[in-house]
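First up is the structure itself, then whatever we jot down about it.
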Number of protein chains: 2
Amino acid sequence: MANTFKCGLAPERWERLRQVLRQHRVVRVEDLCRELRASPATVRRDLAHLEKLGEVKRVHGGAVCIDSSLGEPVFEAKASISTEEKRRIARAALEYIEPGDTIYLDGGSTVLELARLLRDRTNIIVVTNSLRAASELAGQGPRLILIGGELRRISQTLVGPLTRWVLQELHLDKAFMGTMGLSLEAGLTTTDPSEAFTKELVMGQVRRVILLADSTKAGRVSFARAGRLENVHVLITDKQFDKALARQLAKKGIEVVRV
Amino acid sequence: MANTFKCGLAPERWERLRQVLRQHRVVRVEDLCRELRASPATVRRDLAHLEKLGEVKRVHGGAVCIDSSLGEPVFEAKASISTEEKRRIARAALEYIEPGDTIYLDGGSTVLELARLLRDRTNIIVVTNSLRAASELAGQGPRLILIGGELRRISQTLVGPLTRWVLQELHLDKAFMGTMGLSLEAGLTTTDPSEAFTKELVMGQVRRVILLADSTKAGRVSFARAGRLENVHVLITDKQFDKALARQLAKKGIEVVRV
DNA sequence: ATTTTTCTGATTGACTTTGATTGAATTCGC
DNA sequence: GCGAATTCAATCAAAGTCAATCAGAAAAAT
């Protein structure tokens, strides 16, 4: 039985079902019957269909919204596989944080790992543009400041010209930055210009830049320039990081840590 | 609408259980029965289920929270019970949003309901200081701008002097505000001064202030002044709102909508 | 217009969940 | 350590919910 949809009223009902579901998160069949003016059998069929599409999870008595299409931080956190490398890098970065520091956390999965390790550290101030990092520290943790800005959905970070205004008010001790590409010629690069704009802003404002980048970033060049190597003080990476590149970076005065 | 007090869906109950657990850290079965309106047998079954998921540790008489799975704010947002009143108020507020608007969403549960209804509205720009509202719109939705600031954990909002800098760069058409107290003498009041500071900042910056407040706020006075009644243009509330107060507010030029 | 196909809603028996009961296990007071 | 009180797990009946099937209605195709 192939999926040949004859468009009757069904798609319209699905859309309304989606709407109800988005709003309530969990719905019971009984309520949907009233809401959609359909029989329980039809509602169940619709739910079964949406479940096959991966949009809902059916449970006894109704269904719950699958947040995958919503892209909530929870889902992202689940999806982002925290590799052992990234976690090791993050743990090494912890060593650079001292009591009383005001630190900046950039977007990116490696830095996110670092954020997770900061939940007990109440003697520092964390500044970030990453909604995911903020989520990690939203329940408990150090003082947390978000710089304002427009949400870039794909990275869940706040970017753009607005970020400038809060940043200029703050004095940052250390910034833990991520990057998409790291090369001798192009320096730090990332995919999005407004993301790059904010990164450069931060790096111009902070006393010490600590770059967290796993070995896959070595030699890569992405679209937009996000900073110069001259601004980087420490690079924390893993053992697989290209050795020649590491030596040249060290020669440029960057402290390279491989864990 | 004669909402049947039938037993909720299992996942719903789990979510509330998680919430209680997060708040109290340890819970007794007896208390959960009252809180979840379920029998001891069901509560035990639920606890056994959550234990299998590794979220709680069962002990004699109840259960304790496993810390590692703690502190995800998304759960709180999800768990916040949205009463029918609040949802109705939010739905009424939708009428005030026009294509092209730049609107501000304040913190508070009623406004959060409104945020949930805005996921399809891509023809507006949403500005907010509420991390929960941002979470609702993080996956999909209109352009989203967070004003910067320091996180106030209890309300999950960004507050304080830093909020000023992004706000002054923005031109807002309508602000949907929440409040803790609303009275003729004290105007709008809230519990936290820095929260109040940000609220006043917003209300001074926006063309039209639309207050969403259920009837429990009527006549209440909280700690810090968060705005004058003169700045409020529309009040959307429920049918139970004190009638005398409503009339006096109307006399002051406020459009009072009761849904 | 008729046939074919798809969709809907009702019926039925099977399954799941819930709450009460009862005997076993655990904790607390002495 | 022993007994009383509480709490737990297992079982069962009742209620609710589900999937399968079938007949009729609506739409599409001929």
Side-chain angles (χ1 to χ4, degrees), chain A residues 1-68, chain B residues 1-66 69 75 78-79 81 84:
Chain A
M1 216 185 287
N3 293 5
T4 53
F5 304 123
K6 296 290 177 157
C7 290
L9 295 94
E12 183 189 342
R13 219 176 34 236
W14 297 337
E15 199 44 54
R16 276 204 292 161
L17 204 160
R18 272 188 270 254
Q19 232 165 318
V20 173
L21 207 61
R22 263 203 296 269
Q23 197 177 331
H24 290 66
R25 289 296 160 81
V26 319
V27 286
R28 61 184 36 250
V29 172
E30 190 187 333
D31 297 335
L32 285 175
C33 291
R34 259 187 294 110
E35 189 70 32
L36 307 179
R37 287 161 202 278
S39 71
T42 301
V43 167
R44 287 198 186 91
R45 272 189 280 253
D46 288 349
L47 287 176
H49 179 250
L50 290 190
E51 184 174 44
K52 197 153 15 180
L53 294 182
E55 299 187 29
V56 310
K57 169 97 187 297
R58 287 228 287 164
V59 298
H60 201 89
V64 301
C65 192
I66 294 256
D67 285 338
S68 81
Chain B
M1 189 73 75
N3 201 345
T4 51
F5 262 15
K6 256 206 219 149
C7 27
L9 262 39
E12 215 172 359
R13 228 177 25 237
W14 299 337
E15 204 52 56
R16 278 203 291 161
L17 205 159
R18 273 187 270 254
Q19 188 191 4
V20 172
L21 208 63
R22 187 162 294 116
Q23 199 172 351
H24 292 78
R25 206 46 85 83
V26 316
V27 286
R28 303 192 317 121
V29 172
E30 188 189 336
D31 300 332
L32 285 175
C33 291
R34 255 186 297 108
E35 191 69 34
L36 307 180
R37 293 171 189 220
S39 71
T42 301
V43 168
R44 286 196 186 83
R45 273 189 279 251
D46 287 348
L47 287 175
H49 178 253
L50 289 190
E51 184 174 43
K52 203 167 342 190
L53 293 182
E55 299 189 28
V56 310
K57 171 95 189 301
R58 288 225 294 163
V59 297
H60 201 86
V64 299
C65 192
I66 299 251
S69 70
F75 280 157
K78 243 191 278 190
I81 352 145
E84 191 52 48

Discussion item. Testing the basics here: between Leu9(B) and Gly62(A), what is the closest heavy-atom pair and its distance to 0.1 Å?
Written reply: CD2-CA, 4.0 Å
Practice prompt. Report the distance from atom CG of Leu17(B) to atom CG of Leu36(B), rounding to the nearest 0.5 Å.
Written response: 5.0 Å
Discussion item. If the condition is side chain to side chain donor-acceptor pair (under 3.5 Å), which residues does Arg18(A) pass it with, not counting sequence neighbours?
Written reply: Glu15(A), Glu55(A)
Worksheet item: When the distance from CZ of Arg37(B) to C1' of dT18(C) is rounded to whole Å, what number comes out?
Response: 17 Å
Discussion item. If I take atom NE2 in residue His49(B) and atom C1' in nucleotide dT17(C), what distance separates them, rounded to the nearest angstrom?
Written reply: 13 Å
Would you list the protein and nucleotides 1-7 of chain D atom pairs, both N or O, that sit under 3.5 Å from each other?
| residue | atom | partner | partner atom | Å |
| --- | --- | --- | --- | --- |
| dT7(D) | O4' | His60(B) | NE2 | 3.3 |
| dT7(D) | O3' | Gly61(B) | N | 3.2 |

Fill in: d(CG, Leu47(B); P, dC8(D)) in whole Å
9 Å
Worksheet item: When the C1' atoms of the five terminal pairs at each end define the local axes, what inter-axis angle does the helix from dA1(C)-dT30(D) to dC30(C)-dG1(D) show, to 10 degrees?
Response: 40°
Discussion item. At less than 4.0 Å, is any side-chain N or O atom of Arg45(B) found next to OP1 or OP2 of dT16(C)? Yes or no.
Written reply: no
Item to complete: Return the set of residues passing side chain to side chain donor-acceptor pair (under 3.5 Å) with Glu35(A) (not counting sequence neighbours), or none when no residue passes.
Response: none
Fill in: Residue pair Val27(B) / Leu21(B): nearest heavy atoms and the distance that separates them
CG2-CD1, 3.1 Å
Worksheet item: With respect to the phosphate group of dG9(C), does any side-chain polar atom (N or O) of Thr42(A) fall under 4.0 Å of OP1 or OP2?
Response: yes
Practice prompt. Check whether any side-chain nitrogen or oxygen of Ser39(A) sits under 4.0 Å from OP1 or OP2 of dT8(C), and answer yes or no.
Written response: no
Practice prompt. With sequence neighbours excluded, tell me which residues meet side chain to side chain donor-acceptor pair (under 3.5 Å) with Arg16(A).
Written response: none
Worksheet item: OP1 or OP2 of dT17(C) less than 4.0 angstrom from a side-chain nitrogen or oxygen of Arg13(B), does that happen here?
Response: no
Response to the item:
Which of dG9(C), dA9(D), dG19(C) is nearest the side chain of Ala41(B)? It is dG19(C)
Worksheet item: Over how many whole Å does the gap from Arg58(B) atom CZ to dT26(C) atom P extend?
Response: 13 Å
Enumerate, atom names and distances included, each donor-acceptor pair closer than 3.5 Å involving a side-chain atom of residues 46-54 of chain B, sequence neighbours excluded.
| residue | atom | partner | partner atom | Å |
| --- | --- | --- | --- | --- |
| Asp46(B) | OD1 | Arg13(B) | NH2 | 3.0 |
| Asp46(B) | OD1 | Trp14(B) | NE1 | 3.1 |
| Asp46(B) | OD2 | Arg13(B) | NE | 2.6 |
| Asp46(B) | OD2 | Arg13(B) | NH2 | 3.2 |
| Glu51(B) | OE2 | Arg58(B) | N | 3.2 |

Discussion item. What is the separation between atom CG on Asp46(B) and atom P on dG19(C), rounded to the nearest whole Å?
Written reply: 10 Å
Worksheet item: Atom CZ in Arg28(A), atom SG in Cys33(A): separation rounded to 0.5 Å?
Response: 11.0 Å
